[in-house]
2 protein chains.
Amino acid sequence: MDSSAELRRSGFWTAVVLYGLALAALVFVLKYIEYRYLLRELRVEVYIGVVAALFTALGIWMGSKLLTRKEEVPAEVPHRPNEEALRRIGISGRELEVLRLMATGRSNQEIADQLFISLPTVKSHTSNLFAKLDVRRRTEAVHKAKSLGLIP
Amino acid sequence: MDSSAELRRSGFWTAVVLYGLALAALVFVLKYIEYRYLLRELRVEVYIGVVAALFTALGIWMGSKLLTRKEEVPAEVPHRPNEEALRRIGISGRELEVLRLMATGRSNQEIADQLFISLPTVKSHTSNLFAKLDVRRRTEAVHKAKSLGLIP
DNA sequence: CGAAGATCCATACCAAAGGATGATGGCGTC
DNA sequence: GACGCCATCATCCTTTGGTATGGATCTTCG
């Protein structure tokens, strides 16, 4: 789909091919320098230094390309509601719906309208929610629910 | 304190020294091979290949060491409150304090106690806050403030 | 079937939040 | 000094939130 996904699949062999080309190009360049300046040969230390510097940079670049991709993937997950905590606390499906709407700043009346239930019912759900979360205010409930990973 | 903090401070020069030593060692080894096997000199392609492979690996290792450290540091930052949005909306310092406590689920009375001011003063701040954020409830204010990056 | 839990609704009461308005004092700027 | 902004506090009033209590289905599970 996007370029990052494609890089993750074909990135390795692309890197290998680029490496081969880079190596060939480097050999060509150095040989050309020898010929051009009529040098019998460059000192071996020069070769090592140049190649080491170039391929260290290339290694760092390639390493960052290949390693950081893998760590970014799990960050794209929309949200995993932390089922474990959800069941441990005993929050029901309807209560979670109310909790989510509460977290976006909806009033009890708005929640009632949106879920097609009455205001007393919403109050009932919120009260049960507060008891289960061991809080006394909706702002506190939202804060705690977020810290527990119950809601995004 | 820990080894990662120390690496962040002295890691660079340590790496430079190790690099120099590695380079010297490599030169020595290659020269020794030339002498030992009575070779006039090894082909330049061999030099390049060996050095490239070694220093690519070294580059990847060093890159991962140095780069991942740097990316973890900004994650430790407490929070950068998005000064731009803060000034654009015109939220004052005291209002931001109230907003932060509000986001953790504190009641107006608790905020008043914590900031050593009266309840009416807190209400005044919250009212001004709601007007500036264009909301009508504290839960809505917290939600909007979070989405704007005003609070963590 | 009977118990348990989820969902739904209602009434009544008290606490908290929110809106409106006004007032005081400090601080920096034009 | 007049003006604007911030911070502080107050009073009155309305709305919303939260607790308590109780009742009605419906499903699930032993």
Side-chain angles (χ1 to χ4, degrees), chain A residues 81-148 150-151, chain B residues 81-148 150-151:
Chain A
N82 194 352
E83 298 289 348
E84 190 276 320
L86 222 48
R87 277 193 218 105
R88 176 170 47 78
I89 299 173
I91 291 180
S92 71
R94 205 55 159 170
E95 285 165 353
L96 184 59
E97 286 186 84
V98 172
L99 180 58
R100 282 183 177 137
L101 291 172
M102 201 187 291
T104 66
R106 303 286 189 281
S107 69
N108 285 339
Q109 185 60 61
E110 288 172 340
I111 295 174
D113 294 342
Q114 198 153 339
L115 297 180
F116 300 104
I117 57 182
S118 75
L119 178 59
T121 303
V122 176
K123 285 185 161 195
S124 172
H125 286 316
T126 56
S127 275
N128 293 332
L129 221 31
F130 295 163
K132 289 175 181 177
L133 288 172
D134 188 30
V135 298
R136 283 164 307 287
R137 282 175 298 278
R138 50 178 48 222
T139 44
E140 207 180 348
V142 170
H143 185 245
K144 190 158 187 175
K146 277 180 189 281
S147 72
L148 289 173
L150 270 38
I151 50 178
Chain B
N82 192 353
E83 297 289 349
E84 190 276 321
L86 223 48
R87 277 194 218 104
R88 177 169 46 80
I89 299 173
I91 291 180
S92 71
R94 203 55 160 170
E95 286 164 352
L96 185 59
E97 286 186 82
V98 172
L99 180 58
R100 282 182 178 140
L101 291 172
M102 202 187 291
T104 66
R106 304 284 190 283
S107 70
N108 285 340
Q109 185 60 61
E110 287 171 340
I111 296 174
D113 293 343
Q114 198 154 339
L115 296 180
F116 300 103
I117 56 182
S118 74
L119 179 59
T121 304
V122 176
K123 286 184 159 199
S124 171
H125 287 314
T126 57
S127 276
N128 293 332
L129 222 28
F130 295 161
K132 288 175 180 176
L133 287 172
D134 190 30
V135 298
R136 281 165 306 289
R137 282 174 297 278
R138 51 178 46 223
T139 45
E140 207 180 346
V142 170
H143 186 245
K144 190 157 188 174
K146 277 181 190 278
S147 72
L148 289 173
L150 269 38
I151 50 179

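Labels below follow one simple rule: chain letters A, B, ... track the order of the sequence lines, proteins then strands, and each chain is numbered from 1. What you see is a predicted model, and the numbers here were worked out from it, not measured in a lab.
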message: Looking only at the side chains, is there a donor atom on one of B:Thr104 and B:Arg106 sitting less than 3.5 Å from an acceptor on the other?
response: yes
[N] [atom2] sits how many Å from [X] [atom1], rounded?
X	N	atom1	atom2	result
A:Asn128	D:dG18	CG	C1'	12 Å
A:Phe116	C:dT7	CZ	C1'	17 Å
B:Ile91	D:dA7	CD1	P	11 Å
B:Leu96	D:dC6	CG	C1'	14 Å
A:Ile117	D:dC26	CD1	C1'	16 Å

Can you see if the side chain of [X] gets near the phosphate of [N] - specifically, an N or O under 4.0 Å from OP1 or OP2?
X	N	result
B:Ser92	D:dA7	yes
A:His125	C:dA6	no
A:Ser118	C:dC9	yes
B:Thr121	D:dA10	no

Side-chain touch [X]/[Y], heavy atoms, less than 4.5 angstrom:
X	Y	value
A:Met102	A:Ile151	no
B:His143	B:Val135	no
B:Lys144	B:Asp134	yes
B:Thr121	B:Leu115	no
B:Gln114	B:Glu110	no
B:Glu84	B:Arg88	yes

Identify each atom pair where a protein N or O and an N or O of nucleotides 22-25 of chain C are less than 3.5 Å apart, giving names and distance.
none

Using the 3.5 Å cut-off, write out each protein N or O paired with an N or O of nucleotides 12-19 of chain C and the distance between them.
residue, atom, partner, partner atom, Å
C:dA17, OP1, B:Asn108, N, 3.4
C:dA17, OP2, B:Asn108, N, 3.3
C:dG18, OP1, B:Arg138, N, 2.7
C:dG18, OP2, B:Arg138, NE, 3.1
C:dG18, N7, B:Lys123, NZ, 3.0
C:dG18, O6, B:Lys123, NZ, 2.6

query: Taking all atoms of both residues into account, what is the closest heavy-atom pair of A:Ala103 and A:Val142, and its distance?
result: CA-CG2, 3.7 Å
Smallest separation among heavy atoms of A:Thr126 and A:Arg138, with atom names: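 Nearest heavy atoms, A:Thr126 then A:Arg138: CG2-NH2, 4.3 Å.
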